[in-house]
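Shown next, in structure tokens, is the structure this report addresses.
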Amino acid sequence: KLCFEKCSKIAAIPSDLFTNLKRLTSFEEFFSGWNKLEAIPEGLFDQHPDVTSFKNCFKNCTVLTTIPEGLFDKHLKVTSFEGCFEGCRTLTEVPTRLFASPVATSFSNCFSGCSSLTKVADDLFSRNEAATKFSHCFEACSSLTELPNKLFTYNTKATDFSYCFSYGKLKTVPRFLFATNLQVTTFKACFQNCEVLAPNEDIFCSSSALKTRFATRPDISMCFYNI
């Protein structure tokens, strides 16, 4: 944790950097603040299947442009990707099925502040059936103007979408976006300050019956504030 934080003059990560460190279990904040890092080597973490956290791993890598396919494919024990790519403001796309862990619970702030992100796939979180937290996940992603229909379809245990898309530039939201997320307790400020968003009356509904049907009464305070 914090091992290489704010190494602001290093522009590249050696692909074999961790080869002989077989027992690493956390990459929390390892490369946070590397503001000259443009790319991540393929297979960088492949030798470490026992890792449980990538929290803030690449936070504020402000010139990172790409994420390699399969970066986290071997990591089935990770519980947190919180803030993993937060503040990566030149990142434009995210690979499909990026996160393999079936036990990951937190994606809070994962792509917050990724202001150049233009596209996310509908299977981005498809392998993360234990995920509960998506708060601030895409906050201030000001180049993201639309969402895929099935972005959260596989996350049936999700409870927190507070501030998820706040301060963004979404123009539309798919019908039935949260159709399978029956356990949600909060949508607080979910779309706050999405000033160009056209509201969709079906986003909180099931595709089979146009009515709300959450297990509890979720908090929707400020959900559409200032749109």
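- Judged as a side chain to side chain donor-acceptor pair (under 3.5 Å), and not counting sequence neighbours, the contacts of S53 are E28.
- Put simply, OG1 on T52 and CG on L24 are 11.0 Å apart, with the number rounded to the nearest 0.5 Å.
- In the hydrophobic clustering of ILVMFWY residues, with side-chain heavy atoms under 4.5 Å counting as a link, F224 and V196 come out apart.
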For this session: Verify side chain to side chain contact (heavy atoms under 4.5 Å, CB included) between F161 and N181, making sure each step is shown before the conclusion.
Result: CA-CA 10 Å; F161 287 101; N181 311 120; 4.2 Å; yes
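- The shortest distance between side-chain heavy atoms of N60 and N35 does not fall below 4.5 Å.
- Remark: side-chain polar atoms of T90 are paired, donor with acceptor, to backbone N or O of T62 under 3.5 angstrom.
- Taking both residues in full, the closest heavy atoms of P68 and P95 are given as O-CG, 3.9 Å, listed atom of the first, atom of the second, then distance.
- Counting heavy atoms from C-beta outward, T79 and S106 have side chains that stay 4.5 Å or more apart.
- Residues S143 and L117 form no side-chain contact, since every pair of their non-hydrogen atoms from C-beta on lies 4.5 Å or further apart.
- By the 6.0 Å contact criterion, CZ on R127 is enclosed, its count of non-hydrogen atoms from other residues, nucleotides or ligands being greater than 12.
- Side-chain contact between V78 and F72: absent, with no pair of heavy atoms (C-beta onward) separated by less than 4.5 Å.
- Below 30°, between 30° and 60°, or above 60°: for F99 and F85 the angle between ring planes is between 30° and 60°, a tilted geometry.
- Of all heavy-atom pairs spanning E139 and Y167, the tightest one is OE2-CD1, 3.9 Å.
- Of all heavy-atom pairs between K169 and S142, the closest is CG-O, 3.1 Å.
- Of the possible polar contacts, one joining the S116 side chain to the R89 backbone as a donor-acceptor pair under 3.5 Å is found.
- Using a 4.5 Å heavy-atom cutoff, the side chains of N155 and F134 are in contact.
- Contact check for F45 versus C57: side-chain heavy atoms found under the 4.5 Å cut-off.
- In plain terms, the two heavy atoms of L76 and V103 that are nearest each other are O-CG2, 3.5 Å.
- Remark: K150 engages D122, T153, Y154 in a side chain to side chain contact (heavy atoms under 4.5 Å, CB included) (not counting sequence neighbours).
- Between the side chains of S135 and S108, a donor-acceptor pair is found at a separation under 3.5 Å.
- The closest donor-acceptor contact from the side chain of N128 to the backbone of S101 lies under 3.5 Å.
- Residues Y163, Y225 make up the rest of the hydrophobic cluster containing M222, defined by ILVMFWY side-chain heavy atoms closer than 4.5 Å, directly or through other members.
- The environment of CG in L44 is crowded: more than 12 heavy-atom neighbours from other residues, nucleotides or ligands sit within 6.0 Å.
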Exercise. Would T185 and D219 satisfy side chain to side chain contact (heavy atoms under 4.5 Å, CB included), going step by step from the backbone distance to the final call?
Worked result: CA-CA 6 Å; T185 59; D219 178 3; over 6 Å; no
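- Of all heavy-atom pairs between V184 and T216, the closest is O-OG1, 3.5 Å.
- Using cut-offs of 30° and 60° for the angle between ring planes, the F204 and F178 rings count as parallel.
- Within the model, atoms CG of N56 and CZ of F81 stand 13.0 Å from one another, a figure rounded to the nearest 0.5 Å.
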Problem set entry | Stepwise side chain to side chain contact (heavy atoms under 4.5 Å, CB included) check, S166 with N193 | CA-CA 6 Å; S166 60; N193 286 304; 5.9 Å; no
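- Separation of atoms SG (C137) and CD (E86) is listed at 10.5 Å; rounding is to 0.5 Å.
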Exercise. Do I67 and F58 pass the side chain to side chain contact (heavy atoms under 4.5 Å, CB included) test, and can you show the C-alpha distance, the side-chain angles, and the key distance before you say yes or no?
Worked result: CA-CA 11 Å; I67 301 171; F58 296 101; over 6 Å; no
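- Taken to the nearest 0.5 Å, the CG atom of L151 stands 10.5 Å off from the OG atom of S126.
- Atom SG in C164 sits 10.0 Å away from atom CG in N109 (nearest 0.5 Å).
- The closest side-chain heavy-atom distance from E195 to N226 is below 4.5 Å.
- Taking each heavy atom of P41 and L71 in turn, the nearest pair found is O-CD1, 4.3 Å.
- Relative ring orientation between F125 and F152 is described as parallel, the plane-to-plane angle staying below 30° on a 0-90° scale split at 30° and 60°.
- Between N200 and P174 the shortest side-chain heavy-atom distance does not fall below 4.5 Å.
- Going from atom CZ of F31 over to atom CD1 of I13 covers 4.0 Å, rounded to the nearest 0.5 Å.
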